[in-house]
Asks: 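Pasting in a structure now, in C-alpha cells, and then I'll have a few things to ask.
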Amino acid sequence: MMITSPAGTAASGSFTHRVLPYDGLRQFLDGALPFLLDGVDAGERVLAVCEAEREALLRDALGPAAAHVEFADAAAWYAHPSRTLADCLSDADDAACRGRRLRLLGDPVWASRSPLEVADWQRAEAVVNVAFRNTGAAIMCPYAAALPAGVVAAARRTHPETVRGARSVPNPGFVDPWAFCERCDREPLADPPRDADTFTIDQPDLYWLRAYVGDYARRTPLPAEDVKRLLVAVTEIVTNALRHGEPPIVLRMWTDDLDGEPAFVCEVTDAGRWAPGTGYGLIPPRPAGAASDGRFGLWAVRLLCTTVQIRRGDTGSVVRLRLALPRPPTSDANGG
C-alpha cells in the first residue's frame, strides 16, 4: 500500500476508531455526548453525521455547544463507500494541516441496503483503520442493538475499541483489516449468465474495445453519463490485465437484478495472480504516492462504479464491475 502521513502539521492526539453499541436513546447519548463535547472543548473540527431525529436529539442535549458542531445528513453522507472514504480522509488531512483534529460521529445507514451494499460498507469500516492511521482523527460509529445481528457482529470486528458510556475499552473481537476484507471476498461470485456477451481480448486495441463496450452498453438502460464512467473503468481494468495478468483475458457483459438492484455488469477475467498486500484499490493513494504500481487506477474504478467485486486465486483473477440501472417505473393499481 502507498500510505503516507498527510502533509502539514500533525493533528493532536492519536487516531481512534470506536464503536458505540447502544440499546435505546439514553445509551446513545451517554456515549455520543461526551465524545462531541470533548471535541468542542479542545477546539477540534466536530462533525456529527446522523438522521434528522438523532440530530434534533443531539442539538437539544448539547445546548449552546451545538453551535460548534457541524451536522450532516446520514443518507447523503453514506451514499457510496469509496467516495465517502475519500471525502472524509480529505477532511481529516485538511484539519491536520491546520493543526486541528477531525472528530467524527458517524451513524452508518444500514436500512434498505442490499447484502452487496452491506458488505461494501463493512469493508469500508475495516479499511478506515488503515487509511486514517496517520491522520490523528477520532471516529465514533454508533450501532443500534436493533440492527441485524450480522451487522452488529461485524462492527465489533472492524473497530479496535468499544465505547461504554464516557469511556472506551479494547475490543477483543477486532480483527486485522485485511483479514476482514479477505473474509468479505471469500464467497464465490455467481456464474455469469449463459447469454452474457463474451469477448476474448487478444490484442491491446483499447480504442476498439471502448467502441465495442460502449455499443453494448448503449443498448441497455444505462444512463449516458454512466456509460462514460463504464468506459473509463473498463479501460483501466483491461489495461491492468494486459500489463500484469496472463491470457486468456476475457470480457463479459450482461444486466441482472441481484437482490432487487438492477445493474449493468461488466466482468474481466485473466489467468494471472495478484500479489498480496496491494490493497486492491480499497484505499485512496495519498498525494505523495501517485500510483507508481498502477493501483491508483483501481481506486478510481471503485469511485466510478456502484460496486467492484474482486476474486483471485490459483486459477486467475476476476474483476466484476456493477453500475446501477434506473429502476423501471411502477404502475398504480389502475394501471397508470
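The first residue of the sequence shown is numbered 1, and numbering continues consecutively from there. Excluded from the calculations below are hydrogen atoms, water molecules and symmetry mates; all remaining heavy atoms, backbone and side chain alike, are included.
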Asks: Looking at A86, is its backbone amide N or carbonyl O close enough to the side chain of S90 to form a donor-acceptor pair, meaning the two atoms are under 3.5 Å apart?
Replies: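 Checked: no pair found.
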
Asks: Taking atom CZ as the centre, does R219 end up with more than 12 heavy-atom neighbours from other residues, nucleotides or ligands that are less than 6.0 angstrom away?
Replies: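 Yes, enclosed.
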
Asks: Can you tell whether the side chains of R229 and E225 come within less than 4.0 Å, N to carboxylate O?
Replies: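 No, this pair does not count.
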
Asks: Any side-chain donor-acceptor pair under 3.5 Å between E161 and S168?
Replies: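 Their side chains do contain a donor-acceptor pair, which is all the 3.5 Å distance test asks for.
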
Asks: Hey, quick one: are I237 and V250 part of the same hydrophobic cluster, counting side-chain heavy atoms closer than 4.5 Å, chains of contacts allowed?
Replies: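 No; V250 is not reachable from I237 via cluster members.
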
Asks: Report yes if the side chains of D107 and E51 come closer than 4.5 Å at any heavy-atom pair, otherwise no.
Replies: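 No; the side chains remain at least 4.5 Å from each other.
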
Asks: Apply the test salt bridge (Lys or Arg N to Asp or Glu O under 4.0 Å) to residues D91 and R45: give CA-CA distance (whole Å), side-chain angles for both, the deciding distance (0.1 Å), then the verdict.
Replies: CA-CA 9 Å; D91 288 343; R45 181 186 175 188; 3.6 Å; yes

Asks: Taking 4.0 angstrom as the limit, do D94 and R98 come out as a salt bridge?
Replies: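 Answer for the salt bridge query: yes.
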
Asks: Main chain of A217, side chain of T220: is a donor-acceptor contact present, judged purely on distance under 3.5 Å?
Replies: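 Yes; at least one donor-acceptor contact below 3.5 Å.
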
Asks: Can you tell me how far apart CZ (R302) and CG (D120) are? Round to the nearest 0.5 Å.
Replies: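 Spacing of CZ (R302) from CG (D120) equals 7.5 Å.
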
Asks: Provide the closest heavy-atom pair for T306 versus L323 in the form atom of the first, atom of the second, distance.
Replies: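 It is OG1-CA, 3.4 Å.
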
Asks: Tell me whether V227 shares a hydrophobic cluster with L321, the cluster being built from Ile, Leu, Val, Met, Phe, Trp, Tyr side chains joined at under 4.5 Å.
Replies: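 Per the 4.5 Å side-chain linkage, V227 and L321 are co-clustered.
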
Asks: So, the side chain of R18 versus the backbone of M140: is there a donor-acceptor pair under 3.5 Å, distance only?
Replies: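 The answer is no, because no donor-acceptor pair under 3.5 Å joins these two groups.
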
Asks: How are the rings of F199 and W208 set relative to one another: parallel (under 30°), tilted (30 to 60°) or perpendicular (over 60°)?
Replies: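 Answer is tilted, since the angle falls between 30° and 60°.
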
Asks: How about V127 and W178: do any of their side-chain heavy atoms sit closer than 4.5 Å?
Replies: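 Sidechains of W178 and V127: in contact.
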
Asks: Quick check for you: to the nearest 0.5 Å, what is the distance between C141 atom SG and E125 atom CD?
Replies: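 One finds 4.0 Å between SG of C141 and CD of E125.
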
Asks: On a heavy-atom basis, which atom in C305 and which in A233 lie closest, and how many Å separate them?
Replies: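 Shortest heavy-atom contact: SG-CB, 3.8 Å.
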
Asks: With the side chain counted from C-beta on, respond yes when D259 and E117 share a heavy-atom pair under 4.5 Å apart, and no when they do not.
Replies: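 A side-chain contact is absent here, since even the closest heavy-atom pair is not under 4.5 Å.
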
Asks: Is the backbone N or O of N171 less than 3.5 Å from a side-chain atom of T162, with the two atoms forming a donor-acceptor pair by type?
Replies: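 Side chain of T162 to backbone of N171: no pair is present.
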
Asks: With a 3.5 Å cut-off and sequence neighbours excluded, list the donor-acceptor pairs that the side chains of residues 186-193 form with protein atoms.
Replies:
none

Asks: Scan R327, R322, R113 and name whichever one has a side chain to side chain donor-acceptor pair (under 3.5 Å) with E261.
Replies: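 Result for side chain to side chain donor-acceptor pair (under 3.5 Å) with E261: R327.
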
Asks: Within the structure provided, determine whether V268 and D270 are in side-chain contact (heavy-atom separation under 4.5 Å).
Replies: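 No; the side chains remain at least 4.5 Å from each other.
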
Asks: Could you go through the side-chain contact (heavy atoms from CB on, under 4.5 Å) check for L102 and T135 one step at a time?
Replies: CA-CA 9 Å; L102 175 67; T135 65; over 6 Å; no

Asks: Would a distance-only check, ignoring hydrogens and angles, find a side-chain to backbone donor-acceptor pair under 3.5 Å from R103 to L36?
Replies: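 No.
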
Asks: Would you indicate whether the side-chain heavy atoms of V319 and Y280 approach each other to under 4.5 Å?
Replies: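 SC-SC contact between Y280 and V319 ruled out.
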
Asks: Please evaluate residues H17 and N129 with respect to the criterion side chain to side chain donor-acceptor pair (under 3.5 Å), reporting the C-alpha separation (whole Å), side-chain torsions for both, the decisive distance (0.1 Å), and the verdict.
Replies: CA-CA 7 Å; H17 186 210; N129 298 293; 3.0 Å; yes

Asks: Check step by step if side-chain contact (heavy atoms from CB on, under 4.5 Å) holds for E236 and L298.
Replies: CA-CA 7 Å; E236 177 59 35; L298 191 52; 5.7 Å; no

Asks: Tell me if a side-chain donor or acceptor on H244 pairs with a main-chain N or O of N240 at a distance below 3.5 Å.
Replies: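 Side chain of H244 to backbone of N240, a donor-acceptor pair under 3.5 Å: no, none is there.
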
Asks: Between H80 and L85 (side chain of the first, backbone of the second, donor and acceptor by atom type, cut-off under 3.5 Å), is there such a pair?
Replies: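 Not at all, since once roles are kept as given, no pair shorter than 3.5 Å links the two residues.
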
Asks: Does T16 reach the main-chain N or O of A138 with its side chain, forming a donor-acceptor pair under 3.5 Å?
Replies: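 No; zero donor-acceptor contacts below 3.5 Å.
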
Asks: Determine the minimum heavy-atom distance between V40 and A65, stating which atoms define it.
Replies: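 For V40 and A65, the tightest heavy-atom pair comes out as CG2-O, 4.2 Å.
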
Asks: Kindly work out whether a path of hydrophobic side-chain contacts (I/L/V/M/F/W/Y, heavy atoms less than 4.5 Å apart) joins V19 to Y22.
Replies: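 Shared cluster, no.
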
Asks: State, to 0.1 Å, how close P284 and L89 come at their nearest heavy-atom pair, and which atoms those are.
Replies: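 Of all heavy-atom pairs spanning P284 and L89, the closest is CG-CD2, 3.6 Å.
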
Asks: Using the side-chain contact (heavy atoms from CB on, under 4.5 Å) definition, which of the options I310, V130, L282 pairs with C181?
Replies: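 Only match with C181 under side-chain contact (heavy atoms from CB on, under 4.5 Å): L282.
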
Asks: Stepwise, does the side-chain contact (heavy atoms from CB on, under 4.5 Å) test hold for F71 with L58?
Replies: CA-CA 10 Å; F71 288 90; L58 287 171; 4.1 Å; yes

Asks: Using a 6.0 Å cut-off, check whether atom CD of E70 has over 12 heavy atoms from anything other than its own residue.
Replies: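 Enclosed.
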
Asks: Have Y212 and D205 got a donor and an acceptor in their side chains that come within less than 3.5 Å?
Replies: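 Looking only at side-chain atoms, D205 and Y212 do not form any donor-acceptor pair under 3.5 Å.
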
Asks: Hydrophobic clusters here meaning ILVMFWY residues chained together by side-chain heavy-atom distances under 4.5 Å, can you tell me if V175 and V152 are in one?
Replies: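 Hydrophobic grouping puts V175 apart from V152.
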
Asks: Applying a strict under-4.5 Å side-chain criterion to I, L, V, M, F, W and Y, I'd like to know whether L57 and L37 cluster together.
Replies: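 Yes.
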
Asks: Search all heavy atoms of F264 against all heavy atoms of L325 and return the closest pair with its distance.
Replies: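 Taking every non-hydrogen atom into account, N-CG, 3.5 Å.
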
Asks: Could you please spell out the steps behind the side-chain contact (heavy atoms from CB on, under 4.5 Å) verdict for V128 and F15?
Replies: CA-CA 10 Å; V128 159; F15 166 67; 3.9 Å; yes

Asks: Find the distance between CG (L230) and CG (L304) and round it off to the nearest 0.5 Å.
Replies: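 Those atoms lie 9.5 Å apart.
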
Asks: Search all heavy atoms of F180 against all heavy atoms of A126 and return the closest pair with its distance.
Replies: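 Taking every non-hydrogen atom into account, CD2-CB, 3.6 Å.
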
Asks: Are any of the side-chain heavy atoms of R156 and Y143 separated by less than 4.5 Å?
Replies: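 No, too far: nothing below the 4.5 Å cut-off.
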
Asks: Contact between I139 and F132 at the side-chain level, heavy atoms closer than 4.5 Å - yes or no?
Replies: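 Heavy-atom side-chain distance check passes, below 4.5 Å.
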
Asks: T235 versus L209: any side-chain heavy-atom pair under 4.5 Å?
Replies: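 A side-chain contact under 4.5 Å is absent here.
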
Asks: Taking only residues two or more places apart in sequence, or in another chain, which ones meet R320 in a salt bridge (Lys or Arg N to Asp or Glu O under 4.0 Å)?
Replies: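 Scan of R320 (salt bridge (Lys or Arg N to Asp or Glu O under 4.0 Å), adjacent residues dropped) gives E267.
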
Asks: Has Q27 got a side-chain atom pairing as donor or acceptor with G24's backbone, closer than 3.5 angstrom?
Replies: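 No; judged by distance alone, with no hydrogens or angles, the pair does not exist.
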
Asks: Between OH of Y78 and OG1 of T84, what distance do you get to the nearest 0.5 Å?
Replies: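 Rounded to the nearest 0.5 Å, the OH-OG1 separation comes out at 8.0 Å.
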
Asks: Nearest 0.5 angstrom please: F28 CZ to L20 CG, how far?
Replies: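 The distance works out to 7.0 Å.
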
Asks: How would you list, by chain and number, every residue that makes a salt bridge (Lys or Arg N to Asp or Glu O under 4.0 Å) with D185, sequence neighbours excluded?
Replies: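 Expected list: R123, R311, R312.
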
Asks: Test salt bridge (Lys or Arg N to Asp or Glu O under 4.0 Å) on D87 and R83; report intermediate values, then the result.
Replies: CA-CA 6 Å; D87 290 344; R83 296 169 200 158; over 6 Å; no

Asks: For the atom pair OG1 (T255) and CG (L258), what is the distance rounded to the nearest 0.5 Å?
Replies: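 Reported to 0.5 Å precision, the distance equals 12.5 Å.
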
